[in-house]
Undergrad: 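Sending over a structure as structure tokens; questions will come in a sec.
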Number of protein chains: 2
Amino acid sequence: MVPHLITALTGPINELEQRILESMPVIERWFRLEWMEHTPPFYTAVDVRNAGFKLCPVATHLFPAGWHHLTPQMLPLAVQAAMAAIEKICPEARNLLIVPDNQLTEGDFASLAQLSNVFRMAGLNVRFGSISPELNAPKTVQVPGFGPVSLEPAVRSKHRLGLSDFDPCTILLNNDLVQGVPGILEELHEQYLLPPLHAGWDTRRMSRHFEVYEELAKRFGKQLGVDHWLLNPIVGTTGLIDIAKPSGAEALRAQIDGVLTRIRRKFKDYAVNEKPFVVVRSDNGRRQWEPFAVRDPKEVEAALAQRVAALAAAGQSTQVELLVKEGLLTQERVNDDPAEPTVYLMDRYVVGGFYRVQTGRHRDDGLMPASAGYEPLAFAGGTQLPQLGAKPGASEPNRFYMYGVVARLAMLAAAYELEATDPQAEADA
Amino acid sequence: MVPHLITALTGPINELEQRILESMPVIERWFRLEWMEHTPPFYTAVDVRNAGFKLCPVATHLFPAGWHHLTPQMLPLAVQAAMAAIEKICPEARNLLIVPDNQLTEGDFASLAQLSNVFRMAGLNVRFGSISPELNAPKTVQVPGFGPVSLEPAVRSKHRLGLSDFDPCTILLNNDLVQGVPGILEELHEQYLLPPLHAGWDTRRMSRHFEVYEELAKRFGKQLGVDHWLLNPIVGTTGLIDIAKPSGAEALRAQIDGVLTRIRRKFKDYAVNEKPFVVVRSDNGRRQWEPFAVRDPKEVEAALAQRVAALAAAGQSTQVELLVKEGLLTQERVNDDPAEPTVYLMDRYVVGGFYRVQTGRHRDDGLMPASAGYEPLAFAGGTQLPQLGAKPGASEPNRFYMYGVVARLAMLAAAYELEATDPQAEADA
């Protein structure tokens, strides 16, 4: 089953699809040449939003969860890509330690089990080392469909991280470090740490990601002869503000005004008959910040008052860094439920993807109420094999290929981002 | 549908499968390290024979046909591997010219169409340039299931090969050069020629391939703690002989005796209750040489007389180079018909495989009568994803994984072979 598009797809996105298909050799060559100069993140998942009139990445995850949603058909691609990745980074690798998040849901365990399968089938000995201070003894969880997953407390020696009886040459982080980098992961100079620590939210900023992405989208759009706005979400950022203070609220309002104005101009150019809105997110992945949508700057005051109260109640600082992002609603539906695609990449390769089909009530701003659930729906077929010669908008393989192109563009932006924030590069310079 | 094995699989091959599964991390790491030192052939197909008591490559093709037998599920793997191969060899590539064989069957056209799809989906502009002296104008053939395939006469300029309106940076040979290297392909120093000319039968000898393979099988077997004979066919070679002369016949008989003696010894060691036989093939791919089997050296005289007469009738020289190879009968059956697997590889990756199910009467020496046909049967699932923890002999994925390991071992032998015969390496030395 493939979600249907509720839009007629006669607009600029159709032209975009056609250009992407026609330009396939140009696009693939462009990526090849970029990857010669820039190292892709080890693994990536990109949430993509097809708004009917434009197609954008909305989040680029460098410590992806959700691997269990990949189908058995996608698994060989992931294994092959994992082999390529290991070969490039550490061909002599034998043992891989996966460091998961400190808090894990049932789905997270299934994702870890799948991830471990991928690397075992690529020929590594794989074990899990938890850095949660709460895990003091091995803990085994039965994961339906996957069997047992054992978490063991990671053990730190002077220069290495491992388990009491397992010395890995490579450590795969599946922990986004949103709480900061714990000491146990610092100065592991003898082992490969993938992705590096500065890929964590301790260092990353969404605004920096989208800034880099915009530059790439411009270059990419120029090559294809399409307006980069079709691929690029308009964003603004507040920097560090205190939302409890009038100056902080004012700074946010200014960003919202700016982004809304820019969206309005584009909607006019493209005759998009929708009301623009923005989504206000944490710029650095803070989980305490519940995103909210704004259609009218007048709504900001009430939303902020609510957030200030919530942060205060949780004993959290009201100093925040916020991202103001063009709001985009998915136009894909499964049984009237909105479907949002995520594309999975390993090394430079698109290995698969799935839809989150929102089964709870979806709000008219695209944000999910806390009570909502979702059903995963794997992509039908690959994201890799375009259907050459098909009519724009009519071919699911071509839609998936287009999603894979946008996801790779976002991954490339992350590669640039990691280069720019690499502390080692600064030390070398 | 997967062919069933007619043997009980309780013998040494079961132990081999178990060792291969257990040693997966060791095996994958070993290949990774080998590929750091040695360049895999661009693409390879390996015919594998599971004789029930041993598992061997029987032919390693460096200009493979039969790509159309790969299933849609295998295609993404082939595309991903093609992307990896191109990226390593010529990332700046735009245009690829495929040079097919001069004689093409209907199946060959389908194979070319599939091959072209793989490289188009990897992002290249692909066209076919024939070097057949008989093709003077473009010729388009409708290939059922694939659409039109256009062959155009390749055009040679001083330093480049192309079409009148197509200048490729890379030329993919799908022509095994069994007739020798034509001048039109020589000294193309400005373009990538893949595989190189010395991968053709003009240079290659099966005996050299199996000699290198034996060394690798010994090293590989040592690591796994298994006798390399379980993976390695015993071979002998005559060098250049004139089979019309008594000295030539004598030289062949000596090789046959030697190989039969060595097989007998092994059969005794392993209590294999079969009559040993050998197959006598052309060592350098000559198509005029019809292979024959020998169970008793007394049969040689009659067979040679028949071959001398056939070569004389065709106006061909009786000077030949022959390979004497341990005869192996496949123990896999589909509806009582023998099934012989071929594994397909692109760059260092196993991308798929299929069985030739022999629908004509199969002779008791495993050779096919000229009148026989075969049905292709794609591997069910990949060759890449072993089923960890399954009982030896009971798991089809594990059988395919084992086939993929043996195929990669043969491909690695071809890599060594090409290094040793590289004229450029000699010039550089």
Side-chain angles (χ1 to χ4, degrees), chain A residues 23-37 71-84 86-88 90-96 116-126 147 169 346-352 381-389 397 401, chain B residues 23-37 71-84 86-88 90-96 116-126 147 169 346-352 381-389 397 401:
Chain A
S23 311
M24 207 179 74
V26 173
I27 293 171
E28 295 298 334
R29 181 169 184 269
W30 188 77
F31 278 121
R32 275 201 303 277
L33 296 176
E34 286 290 327
W35 298 133
M36 286 185 75
E37 305 285 327
T71 61
Q73 285 72 40
M74 297 169 182
L75 215 53
L77 276 175
V79 172
Q80 189 173 293
M83 291 171 107
I86 295 160
E87 180 195 304
K88 254 180 311 177
C90 42
E92 71 289 354
R94 283 180 222 269
N95 294 344
L96 180 76
S116 144
N117 279 348
V118 167
F119 288 100
R120 284 172 78 201
M121 292 197 271
L124 296 176
N125 302 310
V126 183
C169 48
M346 179 80 74
D347 193 75
R348 69 204 59 187
Y349 304 104
V350 175
V351 298
T383 47
Q384 199 183 34
L385 302 189
Q387 198 171 14
L388 305 166
Y401 178 73
Chain B
S23 312
M24 207 180 76
V26 173
I27 293 172
E28 295 299 334
R29 180 170 186 267
W30 188 76
F31 277 122
R32 276 202 303 277
L33 297 176
E34 286 290 327
W35 296 133
M36 287 186 75
E37 305 286 326
T71 61
Q73 285 71 40
M74 296 169 183
L75 216 53
L77 277 174
V79 172
Q80 189 175 293
M83 291 171 106
I86 295 160
E87 180 194 303
K88 253 180 311 176
C90 43
E92 71 289 355
R94 282 180 222 269
N95 294 343
L96 179 76
S116 144
N117 279 349
V118 168
F119 288 101
R120 285 171 77 200
M121 292 197 272
L124 296 176
N125 301 308
V126 183
C169 48
M346 179 81 74
D347 192 75
R348 71 204 58 188
Y349 304 104
V350 175
V351 297
T383 46
Q384 198 183 33
L385 303 189
Q387 199 171 14
L388 305 167
Y401 177 71

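Just so it is clear, the model here is predicted, and its values are computed rather than measured.
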Undergrad: Could you pull out the closest heavy-atom pair between A122(B) and A82(B), with the gap in Å?
TA: CB-CB, 4.2 Å
Undergrad: Whether the side chain of R32(A) engages the backbone of P91(B) through a donor-acceptor N/O pair (distance < 3.5 Å, no angle test) should be reported.
TA: yes
Undergrad: Looking at V26(B), N117(B), L33(B), D347(B), which one has more heavy-atom pairs under 4.5 Å with chain A than the rest?
TA: L33(B)
Undergrad: Tell me, for R120(A) versus chain B, whether the close heavy atoms (under 4.5 Å) come from the side chain, the backbone, both or neither.
TA: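 Both parts, heavy atoms under 4.5 Å.
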Undergrad: Between A81(B) and chain A, with a heavy-atom cut-off of 4.5 Å, which part of the residue counts as in contact: side chain, backbone, both or neither?
TA: both
Undergrad: Using the rule given for side-chain contact (heavy atoms from CB on, under 4.5 Å), can you reason through M121(A) versus L75(A), listing the C-alpha separation, both sets of side-chain angles and the distance that settles it, and then say yes or no?
TA: CA-CA 10 Å; M121(A) 292 197 271; L75(A) 215 53; 3.7 Å; yes
Undergrad: Check P76(A) against L77(B) and note the closest heavy-atom contact, atom names and distance.
TA: O-CD2, 3.6 Å
Undergrad: Out of E87(B), M36(B), R29(B), R94(B), which one racks up the most heavy-atom pairs below 4.5 Å with chain A?
TA: R29(B)
